[in-house]
Amino acid sequence: MPSYSRIVKDGLWDNNGVFGMILGMCPTMAMTTSATNGLGMGLATAAVMAASSLLVAMFRGYITQEVRIPVYILIVAAMVTLVDMTMNAYMHELYKVLGLFIPLIVSNCLPLARLEAFAAKEPVLPSLADGVFMGIGFTLALTAIGAVREIIGSGTLFADAHLLLGPSFRFLETQVLPHDTGVLVMILPPGGFLATGMLMAAKRLIDLKAGKEIKMAGAHAV
Amino acid sequence: MKLFPVRGGVHPEYRKERTSELAIVALPLPSTLYLPLQQHIGAPAEPVVAEGDLVKKGQLLARGAGPVSAPTHAPTSGRIAAVTQVTAPHPSGLPQTTIVLEADGRDEWAELPAPIADPFAADSQAIRDRVAQSGIVGMGGAAFPSAVKLNLGTQNRLETLLINGAECEPYLTCDDRVMREYAAEVIDGARIMAHALGAPQVVIAIEQNKPQALAEMTRAAAGIAAVTVVGVPVQYPMGSERHLTQAITGRETPAGKLTAELGVVVHNVATARAVHHAVRFGRPLLARVVTVSGGAIGKPANVEVPLGTLVSELVAFCGGLSQPPRRVVNGGPMMGQPLPNLDVPVIKGMSGILALTAEETNEQPSRACIRCGTCVTICPCGLVPVEMAAFIRKDNLEAAAKLGVTDCFSCGSCSYVCPSHIPLVHYFNYAKGSLAAANREKRKNDQVKALVEAKAARLEKIAQAKRDAAARAKAAAPSTPEASA
Amino acid sequence: MTTAYTDKSGPFTHAPSSVAKTMATVLAALLPATLYDAWLFGWPAIFLFLFTIAACMALEAATLAAQGKEWRVALSDYSVVLTGWLLAMSLPPWAPWWVGLIAAVFAVVLAKHLFGGLGQNVFNPAMVGRVAVLVSFPVQMTAFVAPHPLFAAASPGFIDALGITFGHAFHFDTMTAASALGYVKTELTKGVPVTQSMPGLMGLVGGARPGSFGETSAPLILAGGLFLLWRRIISWHIPVAMLVTLFVLGTVFHAANPARFTDGTFQLVAGASFLGAFFIATDYVTSPVSKPGQLVFGCGVGLLTWVIRTFAGYPEGVAFAVLLMNALTPIIDHHLRPRAFGRTRTGAPLPLKGGK
Amino acid sequence: MLFAVGSLAVMGATLGTILGVASRYLAVEENPLEQELQGLLPGSQCGQCGYVGCSQYAAALAKNEAAVTLCTPGGKAVAEALAKKLGVTADLSDHEEKGPEYAFIDESLCIGCLRCTQECSSDAIVGAPKQMHTVITDNCHGCSKCFKVCPTEAIKMCKVPVTLSSWHWEKPDSPHAHVH
Amino acid sequence: MKDIVLLIVGAALVNNVVLARFLGLCSFMGVTTKLDTALGMGMATTFVITVSSMADWAIEKFLLVPYDLGYLRTVTFILVIAAAVQFTEMVIRKVSPALFQTLGIYLPLITTNCAVLGVALLLVAGQYNFVESAVFAFASSLGYSLVMAIFAGLRERIALAEVPMLFAGPPIGFVTASLLALAFMGFSGMSTN
Amino acid sequence: MNPRTLIHAVILGAFCTGFGIVLAATDRATHDQIKQRALEDMQNSLSQVIPPGLHDNNPVKDAIQLTTDGGKTLTVYRAMKDGKVTGVAYQIVGNGYAGPVKLMLGVDPNGHVLGVRATEHHETPGLGDKIDIAKTDWITKFTGRWLGNPPEDKWKVKKDGGVFDQFSGATITPRGVVGAIRKGLLFFAAHKDQMLEVR
Ligand SMILES: Cc1cc2nc3c(=O)[nH]c(=O)nc-3n(C[C@H](O)[C@H](O)[C@H](O)COP(=O)(O)O)c2cc1C
Ligand SMILES: Cc1cc2nc3c(=O)[nH]c(=O)nc-3n(C[C@H](O)[C@H](O)[C@H](O)COP(=O)(O)O)c2cc1C
Ligand SMILES: Cc1cc2nc3c(=O)[nH]c(=O)nc-3n(C[C@H](O)[C@H](O)[C@H](O)COP(=O)(O)O)c2cc1C
Ligand SMILES: Cc1cc2nc3c(=O)[nH]c(=O)nc-3n(C[C@H](O)[C@H](O)[C@H](O)CO)c2cc1C
Ligand code: SF4
Ligand code: SF4
Ligand code: SF4
Ligand code: SF4
Ligand code: FES
């Protein structure tokens with residue numbers, strides 16, 4: 001079993017879901033047109049990941065190899081549906097912002113990958129920790145990508161944050177560039193890929209500066 | 001005669017005018033000659049003389065060893081000073097076994113084999129034997145033992161002997177001069193070879209930038225029905241035998257096959273002349289015409305040089321170096337090989353010695369490929385040099401092999417045109433060499449593996465026999481358990 | 001001078017060609033059209049043009065320097081000048097400086113040097129630059145001005161022009177006109193048939209019309225293209241394939257439904273057809289290396305240009321079409337290799353025919 | 001509500017049955033090492049290793065055709081685990097750069113003891129007892145076992161020499177070496 | 001006829017699953033280092049998307065809508081997909097090892113491919129009939145295969161380039177994808193005309 | 001059947017049952033809430049196009065279905081006060097730059113616009129999305145207008161010879177919106193009786 005500090009470091013930085021494992025790319029691209037969107041999607045995903053990791057770690061003794069994948073997917077899908085319905089009913093304002101994104105979490109391959117790689121093998125508490133920190137790492141990555149795209153693309157940062165986090169978070173909303181300036185392409189599909197690629201290179205630069213041996217993820221092939 | 005189009009190719013600046021009007025001159029006999037045992041493709045010759053032996057001109061010094069090999073003869077009379085290691089005229093600069101002959105200045109002939117009085121009545125085997133004895137190898141550059149090629153008629157029904165007078169390489173004019181000065185000898189040699197091959201027809205192909213040679217040869221061939229002289233388009237590498245065959249017959253030689261399987265055998269004009277000498281006069285191959293040219297040569301010339309002459313002496317004869325050359329090349333500038341230094345001997349396949357200035361080589365630092373595609377368009381083999389080189393650069397030789405790098409015959413066209421000055425041919429030579437080495441390695445490994453398995457099996461058999469014996473012994477003496485322990 | 005002996009295999013002679021010469025020839029071919037356009041659109045156009053090229057060069061030097069590579073050598077091959085030049089020619093002549101700058105970042109830094117620099121990029125840098133700003137700043141990128149010839153009364157003076165390019169003196173709502181393709185497209189959405197909105201061809205050919213800097217002088221561009229063909233810098237395959245495809249599609253569909261589709265000649269002379277065919281689609285780096293591949297590439301560019309012009313949201317299609325075909329280039333290259341001598345297309349040795 | 005639960009349960013049970021039956025009747029023999037290796041891999045089936053999914057990579061690893069460092073999601077930990085399982089680190093340092101060699105017997109020192117002949121697994125050494133032995137170079141794969149057992153140090157390991165026919169051009173410098 | 005053509009062009013190019021709808025991106029980034037592999041993945045995914053979309057269409061039509069079980073949509077769809085993929089894999093593997101060589105090996109990857117669920121959900125949202133659904137699903141997966149092949153071709157070429165160290169590997173892959181998406185923006189606005 | 005085979009069925013079935021129960025229970029608990037929220041959302045958007053003071057009913061409850069010329073059914077929400085219809089609201093669709101633009105149009109019994117709002121669109125941020133009330137108040141310029149103010153042939157953007165502003169560089173979106181409103185008012189004129197009739 002990996003140590004908790006390893007779990008935290010892996011989830012947040014070293015083996016980050018987006019920049020390290022390159023998984024969960026679909027919401028990463030689709031939901032990062034603004035930092036707020038990225039944050040919201042990230043939080044919802046983190047919740048689902050934590051819950052499903054916990055459940056899988058608890059039940060894994062009862063699951064056979066052959067039906068493993070359907071059961072894991074079932075668990076994720078059920079958690080997602082649960083979150084979806086509950087939010088719709090009791091956190092409606094938040095749901096109106098996030099509602100569209102939530103069903104998409106099912107098809108995010110990051111939760112499933114973590115279930116297979118971690119929760120299916122490790123005890124309950126570390127699995128929960130892995131789910132939580134992988135989720136937070138994912139949230140951070142999405143927020144960072146969203147921030148880059150939003151600043152360059154629309155000149156704002158955390159616009160509409162109050163819709164997600166409540167009116168007390170209005171202070172986050174900043175106008176970075178003059179009103180209505182922005183390089184539109186950044187909030188269109190090409191900008192998503194571009195921001196991700198750039199941030200990935202930036203992470204590599206930081207690792208390099210920190211003297212870490214860089215992990216050339218897949219670099220052997222490209 | 002109807003000609004057929006040939007793919008690709010380039011039109012380099014020919015620069016032949018520097019020597020094309022200079023008649024062949026003979027080099028005064030040097031005092032020492034260096035005769036390497038390997039002046040040809042195939043197994044090295046085996047020396048039949050030892051240090052201190054006195055030899056006459058034309059006497060056998062080393063005999064061919066094995067089916068593909070060629071003998072070497074003494075270009076003059078003298079004493080064998082040594083059989084030793086001397087730097088080969090080869091870019092590796094490696095030494096090879098060489099017979100060193102000190103000329104006595106008398107130039108006395110040994111007793112030569114009798115001329116074959118009427119070669120056309122003679123048995124073709126007799127002619128092939130004579131060619132083999134005479135040490136004749138292809139003079140077009142490849143230096144393949146000619147007698148072996150003359151054997152091709154025994155396995156294939158041949159139609160045409162194609163005499164290669166294309167001389168498509170820039171600078172070189174030795175074949176041009178030979179055709180102009182010895183047209184009759186060339187045609188006679190060609191007809192003898194055709195007879196040996198059993199080919200009814202001789203076609204002599206000459207690039208159209210040699211009008212006098214065309215005229216001379218046509219005149220010499222006049223009235224001989226079986227011999228046709230054709231002018232072929234000026235297009236490097238028209239002299240490649242597969243391409244020349246295609247230009248003349250329109251047929252493409254399949255990969256891995258010989259032109260002979262299409263009924264065509266190709267020989268160089270100088271080879272034909274050597275055959276003439278061997279058959280009509282019994283003379284072995286002792287000298288060859290070499291074009292000495294390039295901007296750094298004092299007085300460019302076409303020189304008939306005794307084999308084994310040091311290149312430095314040849315260059316000195318041609319007025320020495322007027323300036324330090326950028327490159328010294330054995331052969332033409334396109335396909336020729338750089339020489340490690342000037343103190344190497346002239347050998348049978350050496351058609352030119354070029355001392356080129358920097359302006360002539362126009363070498364520049366290479367830059368990144370801009371994918372202009374010119375190399376693809378001009379490659380006469382239909383290859384994709386740009387992609388092959390890209391794979392080789394990334395050490396992916398298998399991918400390059402898949403693209404056909406082993407089909408490349410290093411004609412140099414692609415490197416010549418590349419605007420980025422990428423040493424494409426160098427990449428391909430490296431890849432071909434490495435792939436061949438890997439192949440050899442693999443063959444050897446397979447062989448070793450078989451041996452290891454055989455030995456293991458043998459040992460196992462012995463061990464089994466021992467066990468059986470022990471078991472038998474045990475069975476024979478059941479009462480004494482200690483015996484088997 | 002020293003004699004180099006055996007450090008390099010042959011050949012030991014070389015055609016008098018080099019990358020810099022190639023690029024310089026292309027620049028020379030562009031010069032007449034450029035001068036004409038500079039005259040046609042006046043000082044603002046000249047400022048933007050020079051600024052864009054300077055930005056491209058500076059960015060190339062900066063990216064190489066940041067990687068610790070030698071940048072002077074790279075600049076001396078003029079490829080970045082050509083990229084900047086073509087990029088500038090694809091922008092509206094009175095666009096503000098920052099449009100040129102952002103386009104240059106996309107072209108030189110993202111599309112070229114992140115891929116390893118000259119020769120290694122997969123997308124046409126100039127077109128990446130143009131499309132990125134087209135998508136980002138549709139207002140500025142579709143705001144064309146009618147020609148204001150240099151020194152004509154209505155044209156802005158030197159100082160005014162500085163204000164247009166580098167300040168805020170240009171008001172998009174008041175001065176702009178649509179390009180011919182854009183006009184036809186907007187009219188069509190209003191229900192005006194093409195037959196009424198299609199401008200006269202003579203005006204288009206003459207070039208005195210609103211449009212990008214480089215698309216308004218079709219005859220001079222054509223002349224430059226023919227010059228390149230004559231100098232054997234480019235081969236006919238891509239331009240001819242592209243223009244023929246475009247013309248045939250235009251003609252056929254116009255014949256079928258004149259109210260909906262513009263005709264072939266219009267497709268040829270409007271927009272950046274000639275510039276694209278001779279100078280952009282022919283970029284060595286991003287187009288196939290074999291002749292059959294180039295034919296397919298050219299046809300593809302022609303087809304996609306027509307499709308995008310006719311059906312998609314953007315009025316001008318050459319840039320997108322070139323980028324889309326750039327993306328297909330590796331696959332084209334993969335499948336349309338020449339047949340090796342003595343082998344079949346699949347690489348097997350040819351059969352020995354006749355057995356003579 | 002009952003209907004919802006019921007239909008979902010039925011669906012699950014049916015699918016479970018199908019998969020269960022299928023896994024029984026459609027079982028395919030698998031290499032146990034492959035299975036073990038696959039167990040070590042993250043199972044995200046993302047294909048970033050360059051193989052189509054973990055099982056392919058595991059198969060390649062089992063056949064010793066792939067490096068252990070290719071799995072991106074697995075990171076360093078998985079690479080180490082794989083290396084441990086396959087015991088490859090040691091191997092790597094062992095097989096590093098020596099270039100082909102062959103054994104050469106100095107005939108003046110050889111006493112004909114036959115030890116080398118017994119040691120050579122490819123029968124590359126010939127010779128009768130008490131007579132000089134020689135190495136058939138073509139059969140020698142340079143394992144140096146004979147070298148280690150020779151009591152008189154008559155055996156030398158030599159680099160296979162480069163000859164005119166085996167020489168070839170070296171790889172040219174990358175073009176960028178000239179430019180930058 | 002015209003509608004069908006529009007549907008196909010729209011699903012394959014204009015609203016390309018990968019580049020415009022952002023579905024199936026993990027395999028798009030992961031399985032495209034070699035052209036052959038990418039093509040195989042495309043083929044296998046096409047098969048699974050088409051088959052499972054039709055099954056999901058039936059579930060929607062005969063179970064979820066009549067009994068007002070919309071909240072079970074995600075769960076049932078994904079279950080069907082997972083089971084279908086696993087079952088197909090087992091069958092192909094047993095029945096035709098040859099087909100498994102070319103196609104089957106890609107199957108486990110497809111369960112975690114959002115494009116499959118995504119297309120099924122899009123079908124529901126689009127309220128297509130059965131034939132339209134089949135066409136839409138097939139065209140969408142064709143668009144997926146197309147960009148997979150294109151992207152793999154590009155990456156094979158980039159593998160030969162001297163990409164700066166910071167960008168070698170996935171980062172340059174993303175930059176390439178970005179420029180590819182930029183090129184595909186040329187098709188935007190096409191369905192409205 | 002062999003129990004080892006059956007075990008998979010049992011496991012998957014059990015999980016399905018378990019989660020089925022959880023989900024169904026949650027659905028039970030949240031069903032009405034969610035319905036209620038959806039209703040509130042609708043009322044909310046209606047309140048933007050029909051001033052709340054105009055009615056004492058719940059317009060969502062008093063909706064009627066009409067058939068459009070295209071043969072589709074259209075829901076018309078009706079605001080009533082004292083048993084009389086004081087305003088109607090219905091969805092209209094315009095052709096935007098990037099697909100249909102859905103709008104909710106509120107009209108008073110005289111055919112005057114009570115309010116319009118874009119409810120769903122995919123127009124380009126920074127260009128076409130200025131029709132969104134969250135971005136600019138352009139859409140409010142229609143309030144109080146009718147098919148005589150301006151005259152029907154002036155119900156166009158300025159660029160096409162009408163009276164309404166377009167946005168610089170984006171004409172298609174406002175053109176689509178203006179056209180949709182004009183058609184919506186024409187629809188009102190044609191179906192006025194049905195809309196205002198109280199049974
Ligand atoms: C990198 C960069 C990007 C810019 N992007 C925009 C832009 O997207 N839109 C814009 O109107 N101005 C842009 N500008 C221009 C400045 O914001 C400038 O102040 C702006 O033109 C304000 O002018 P205005 O008063 O005409 O709005 C950009 C400037 C720079 C340096
Ligand atoms: C690219 C290339 C160019 C050649 N050019 C000539 C040439 O110009 N003249 C010539 O005699 N042989 C030339 N050869 C060699 C011929 O292919 C062929 O080997 C030779 O003509 C056979 O004659 P030989 O055995 O008498 O030398 C060339 C070979 C290659 C690969
Ligand atoms: C990326 C992009 C997005 C656009 N988005 C819109 C839009 O949302 N609404 C719109 O009316 N025009 C949009 N356009 C502009 C149209 O293509 C067209 O140029 C414009 O509507 C014509 O208006 P004009 O006559 O004012 O130039 C967009 C253009 C581009 C390049
Ligand atoms: C015929 C020709 C056409 C070219 N066209 C372009 C072009 O359209 N865009 C561009 O950025 N560079 C162009 N270049 C320059 C050069 O190839 C380009 O900078 C490389 O793509 C950068 O790697 C062209 C060069 C030549 C020789
Ligand atoms: S000729 Fe040189 S620059 Fe042109 S494609 Fe070939 S290798 Fe590249
Ligand atoms: S050297 Fe080889 S690759 Fe180059 S042109 Fe000649 S045959 Fe083609
Ligand atoms: S081991 Fe050494 S001494 Fe003994 S036989 Fe072999 S070579 Fe000779
Ligand atoms: S080195 Fe190995 S293979 Fe070679 S002779 Fe000695 S024991 Fe035999
Ligand atoms: S998140 Fe969509 S495929 Fe991975």
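Protein chains get the first letters and strands the later ones, always in sequence-line order, with residue 1 at the start of each.
Between chain A and the residues E:Ala181, E:Ser178, E:Gly118, the most heavy-atom pairs under 4.5 angstrom are made by E:Ser178. Across E:Ile81, E:Ile78, E:Thr76, E:Val175, the residue that shares the most heavy-atom pairs under 4.5 angstrom with chain A is E:Ile78. Listed options E:Cys114, E:Gly24, E:Ala82, E:Pro164 were ranked by heavy-atom pairs under 4.5 angstrom with chain A; first place goes to E:Cys114. Comparing A:Val80, A:Leu199, A:Val71, A:Thr196 by heavy-atom pairs within less than 4.5 Å of chain E, the highest count is held by A:Thr196. Each of A:Ala202, A:Gly24, A:Gly197 has some count of heavy-atom pairs under 4.5 Å with chain E, and the biggest count is that of A:Gly197.
Note: E:Asn113 CG to A:Cys26 SG = 7.0 Å, rounded to the nearest 0.5 Å. Between the CZ atom of E:Phe167 and the CG atom of A:Leu205 there is a distance of 9.5 Å, given to the nearest 0.5 Å. Rounded to the nearest 0.5 Å, atoms CE (E:Met29) and OG1 (A:Thr28) are 11.5 Å apart. Atom-to-atom distance recorded for A:Met25:CE and E:Phe22:CZ is 9.5 Å, nearest 0.5 angstrom. For the atom pair CE of A:Met198 and CG of E:Leu166, the computed distance is 10.5 Å after rounding to the nearest 0.5 Å. Within the model, atoms CG of A:Leu188 and CG of E:Leu182 stand 9.0 Å from one another, a figure rounded to the nearest 0.5 Å.
With a 4.5 angstrom heavy-atom cutoff, A:Leu194 touches chain E via backbone and side-chain atoms both. Neither the backbone nor the side chain of E:Phe184 comes within contact range of chain A; no heavy atom of the residue lies under 4.5 Å from a heavy atom of that chain. Only the side chain of A:Val185 comes within less than 4.5 Å of a heavy atom in chain E; its backbone stays farther off. Within the 4.5 angstrom heavy-atom criterion, atoms from both the backbone and the side chain of A:Met29 approach chain E. Using a 4.5 Å cut-off between heavy atoms, E:Leu117 touches chain A through its side chain atoms alone.
Summarising the geometry of A:Leu208 relative to E:Met165, their closest heavy-atom pair is CD2-CE, 3.7 Å, with the distance given to 0.1 Å.
Under the 30°/60° scheme for interplanar angles, the aromatic rings of E:Phe174 and A:Phe193 are found to be tilted.
Taking 4.5 Å as the limit, every side-chain heavy atom of A:Lys203 sits out of range of all side-chain heavy atoms of E:Pro171.
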- Report the C-alpha distance between A:Ile73 and E:Leu79 in whole Å, list the side-chain angles of each, state the deciding distance to 0.1 Å, and finish with yes or no for side chain to side chain contact (heavy atoms under 4.5 Å, CB included). CA-CA 7 Å; A:Ile73 284 203; E:Leu79 259 181; over 6 Å; no

